[in-house]
Structure formats: C-alpha cells, structure tokens
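As structure tokens, the structure follows; a few thoughts come after it.
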Amino acid sequence: MRRRTATYAWAAAAGAVSGGVFLAIAELVAVLVANDAGPVLAVGSFVIDIVPRPAKELAIQLFGSNDKLFLLASLGIAVLVGAIVAGILERLRRFAGAGLMLVAGVAAVAATVTRTGAATLAFLPSALGALAGAASLVLLVDRLRAWRPAAAAEARSPLGRRRFLVALAAAAVGAAVVGAGSLLGSAATSSIAAVRAALRLPAPRSRVRIPDGASLDVPGISPLFTANRDFYRVDTALTVPSVDPGTWRLAIGGLVAEPVRLSFDDLLRMGLHEYSITMTCVSNEVGGNLVGSARWLGVPVRDVLALARPRRGADMVLSRSVDGFTASTPLEALTDPGRDAILAVGMNGEPLPLEHGFPVRMVVPGLYGYVSATKWLTELKVTTFAADQAYWTPRGYSPKAPIKLSSRIDTPRIDRAVPAGPTTIAGVAWAQHTGVRSVEVRIDGGDWRPARLSTPVNADTWVQWSLPWEATSGTHTLSVRATDAAGRVQEEKRTPIAPDGSTGWQSTLVRVS
Ligand SMILES: Nc1nc2c(c(=O)[nH]1)N[C@H]1C(S)=C(S)[C@@H](COP(=O)(O)O)O[C@H]1N2
Ligand SMILES: [Mo]
C-alpha cells in the first residue's frame, strides 16, 4: 500500500513538472513570436471577463488592489491541481494524463485567440506549450513505470530510479529557467507598452491635408491609410526590442563637424509635423501585401543632421537600430529639402507601435524599407558607401534601392467568385516621391482601359483606382499597370525581389458565376 502511494506521489510530481514545462514553453513562445499571447494572461483575462460581477466585487473587497494577484494565485493552484491529476491519470493509463494536458491546451488556445486584437500567431504559445507538457508527461511517467512497475512481483531497478529522477530534475530545472527568462522578457515588454500607452505626443505644427476624393468607396479596396494593426511588419528582430523613451538617445556622428546626442524630448522639441507616406518592402512580390500607408508624425531628418553638420565627402547615412540592424541611405535623399525623410514618433494618431519601431524610426519616401526605414533607431552615422555596408548589402541586396513603380488589384479576388453583372475592379498604385499619373486595366488581353484614380494626397502616398466592369460568367484574366508622373510605364518584365525589388504586371484570374 505504501509503495503504491509513493508511486502515485512520484506520478503527481511528474504531472506538476510537466505542467511547468507547458507554461514555460508557452510563455517563451509568447514572448518570442506572439507578443504576449501567453496562456497565463489570456486565461486570466478570460476569467476576469466571465466571473459574475458580485464575485468580482467580493474579490476586490477582500483583496483590494491585490485582486489580480489573487486571481493569478488561484489560477496557479488550479493549474497545479490539474497537472497533478494529469500525472496520476497518466500513471493509471498511458496517454490519459497527456490527453488531459492537450485538452487544457485547446482550452487555453480558445481563451487566447478569442481575445480582442489577438495576433495571428496567438494560438501558437498554448498549442506548443501543451504539446511540450504532454510529451514531458509521457516521457517521465514511462520512466517511472520502468522504475516502479505495477506488478508487485517485478523488481525495481536502481538504474530506473536514477533515470527517472534525472529526467524529472532536468525537466523541472529547464522549466524554471525558461519560465523565469520568459517572464523577465514579457515584463520588459509590458512595462514599455505601459510607458507607450501613457505617452502623449505634442500636437503637430502642420497636418496632412486630405483632399476631397482621396478615398474611393469600393468594397474590398485597400483603405487610403492602413490601420496600424493591419500594417505589414518586416524585421529581423526575434523579439520586439523594448526601448524606453526616457533613456533613449540618438547619436549623430561619423563624418560630421560636431557629433550630437539627442534625447526623446530634444527630438520632440524640434517640432513635429504630420506626413502621409506609403512604405514598401523590397520583398513585396507583384500583387503582394508588404506595402502600407500611414500618417506619420515626425521631425525632418535634414533638421537633425543639420545640428551635426555633415562634412564634405560623405554620401551615405548608416542608420542603426538597438538590435544591430542597419540601413544605408544616400545622404542626399535625407538632406534634400524636396523629400520628406523623417524620424517618425507617431503612426496614424498614436505613438509608434512597439513592432513598428517605438519610440523612433526613420521613414523615407521613395526608398524601400531595408535601405531607409530603420526601426528602434539609435544612431545615424554619416559615412560613405565606400566605407560602410548595411545589414542586407552583403546578403545579396543593393546598397541603394528606390521603390519601383507598381500597382495592385485588390478586388475582385482570385479566391472569391463574383456574380455576373455590374461590378468594380479596384486597387492601389504607388510611385513614391514621383506620383502616379494613370492606371490601366486589361481584361482578357483586350485593350488597356484607363481606371479612375482617387485624388492623390501627395506624390508619396499610393492612390486608389477603380474601373466599372460588366462581368460575364466564366473565367477572366485581369491585369493592371501604372504610369508615373514622369511618364514611365510600369515594367512588364517579371524580375525577382533580389537584389532591388520585383517588377512585372499583376495578372489575376476571376471566376464569374
Ligand atoms: N531595426 C530594424 N528596422 C527595420 C528592419 C529590421 O529588420 N530591423 N526591416 C526594414 C524593412 S526590410 C522594412 S520593409 C521596414 C518594415 O517596417 P514595418 O515593419 O513597420 O512595416 O522596416 C525596416 N526597418
Ligand atoms: Mo523590407
């Protein structure tokens, strides 16, 4: 009898440790890829949402401002009890406890993905955590079984004991280390998120004027400005850097008469203006979605560079991120009074989102992001293309890369059949810093037909275009091409994204029913 009790106590320990593995892996994945979509906070928030008001009020009465702590402690106890039950179940029957753990994982995934504003990868932390926890449980209890077989007649092996204890200790230490690391990581992110939420940017000295007719009212077309949460994100950062604007400094040095260091307040005091700029990634394939428009709040880079006075002979600015990423931008593009190259602190009416470079990033109209749009900016080094290389240069991309004129069909979409009859073909076109003059559409290899354009906000912002179409049933091919304000027609020949951006006309198939 005592022997059985001890066996189940070890099984309970294996369950508790595997529960720890579940949480540690889930929180790690949450910090790495899913921006705080960890199961602990998600399930906690879920409980807060479903607990009836009287219970909530009672908790606040009993625990005051420690009510959240109480909630987390209760959750912790619930997880521990669940994990112990899973351990005992697993000892009773192989895979029974692991199954329970996977069910808990499914519940945690459900709690996470149903949160408002959940990221696309929000399911991943709980899913991977549950798999890791279940695997750990099966492994540990298998070893326990080898050490303490069910039949009393079978001998216990001292080797089995050792193997079980070593595995149990390794899993426990691993979970503790990974869990503590993830908590530290997410605490850093969430404290910066709180700083950002409390930040009030000064009002801009000038605002973008949005002309009448700047937006076309067509279902399925890209909005004139891309919402921050829909804005594409491209970077090499495994975790979103946490940069505190209170301690942030921008160093401007290199080939300058006077090196300068600016604080966030110094930058704000230079005066903010609002700019409308469409950004594009060099990795955007023809018809792709690595492009987006925003109203940015920022300070002209030329004003900042002027403080340090670049020396003759310099032809490049190497901008550096806190995470080591660098971009090479022609000095001339940053000092040109006719080009709105900015250090941006605001995006669509908010401080920059953390993923988009909080607190300060660069945005340069007309240059691909990898040669201009450094996020989490920390240094501007005035230098030469001969002396310095940016992150992507030795990796097969051009040191200089102006954005190529391009156009995209947003609607109709290849994956959604259109009913026969009158419909509208529509999309966007961009030629930053030059402007779009016209967009043409071709249906089934017929004549190019001119589309109607929205009134441009400026040359740096994409335009929307639309063309009415009397759709007849069957399958049709739609193609689009743009012409820029300088009269250049979008390149027909398809080229890949490396080394300096794709070209080609987008063609898409539509089914009309
Ligand atoms: N620190 C840092 N900044 C970066 C990058 C990066 O990898 N790290 N990627 C660049 C690239 S390739 C692009 S296209 C834009 C994308 O900006 P977004 O993520 O805000 O859309 O950021 C640029 N700035
Ligand atoms: Mo990019």
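Counting convention: from 1, in listed order, for ligands and their atoms alike.
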Ser321 versus Asp323, side-chain donor and acceptor atoms under 3.5 Å: yes
Ligand 1-proximal atoms of Phe325, by part, heavy-atom distance under 4.0 Å: side chain
Atoms in ligand 1 flagged as close to Ser321, the criterion being non-hydrogen separation under 4.0 Å: 1 (N)
Enumerated ligand 1 atoms positioned under 4.0 Å from heavy atoms of Tyr370: 11 (C), 12 (S)
Residue, atom name and distance, where the atom is the protein heavy atom closest to atom 22 (O) of ligand 1: Arg361 NH2, 3.4 Å
Atom indices of ligand 1, in the order listed, that fall short of 4.0 Å to a heavy atom of Phe231: 21 (O)
Spacing of OG belonging to Ser126 relative to CD belonging to Glu27, to within rounding of 0.5 Å: 8.0 Å
Geometric N/O contact Trp376 with ligand 1, under 3.5 angstrom: no
Atoms of ligand 1, numbered as shown, that sit under 4.0 Å from any heavy atom of Cys281: 14 (S)
Any side-chain donor near an acceptor of the partner, Asp388 and Thr383, under 3.5 Å: yes
Mutual orientation of the aromatic rings belonging to Tyr391 and Phe325 [parallel < 30°, tilted 30-60°, perpendicular > 60°]: tilted
Numbered atoms and elements of ligand 1 in range of Thr374, under 4.0 angstrom, heavy atoms: 3 (N), 24 (N)
Rounded distance (nearest 0.5 Å) linking atom CG of Leu216 with atom OG1 of Thr424: 10.0 Å
Trp248 and Phe264 aromatic ring geometry - parallel, tilted or perpendicular at 30°/60° bounds: perpendicular
Asp323, portion touching ligand 1 at heavy-atom distance under 4.0 Å: side chain
Taking atom 19 (O) of ligand 1 as the reference point, the nearest protein heavy atom with its distance: Lys375 NZ, 2.5 Å
Nearest protein heavy atom with distance in Å, relative to atom 16 (C) of ligand 1: Val234 O, 3.6 Å
Asp230 atom CG: more than 12 heavy-atom contacts under 6.0 Å: yes
Shortest protein contact, atom 24 (N) of ligand 1 (heavy atom only): Ala373 O, 2.9 Å
Point-to-point distance, once rounded to the nearest 0.5 Å, from CG of Leu478 to CD1 of Ile443: 6.0 Å
Protein heavy atom at shortest distance from atom 7 (O) of ligand 1: Thr236 N, 2.8 Å
Distance-only side-chain donor-acceptor flag, Trp505 / Ser479, under 3.5 Å: no
Nearest non-hydrogen protein atom, atom 21 (O) of ligand 1: Tyr232 O, 2.7 Å
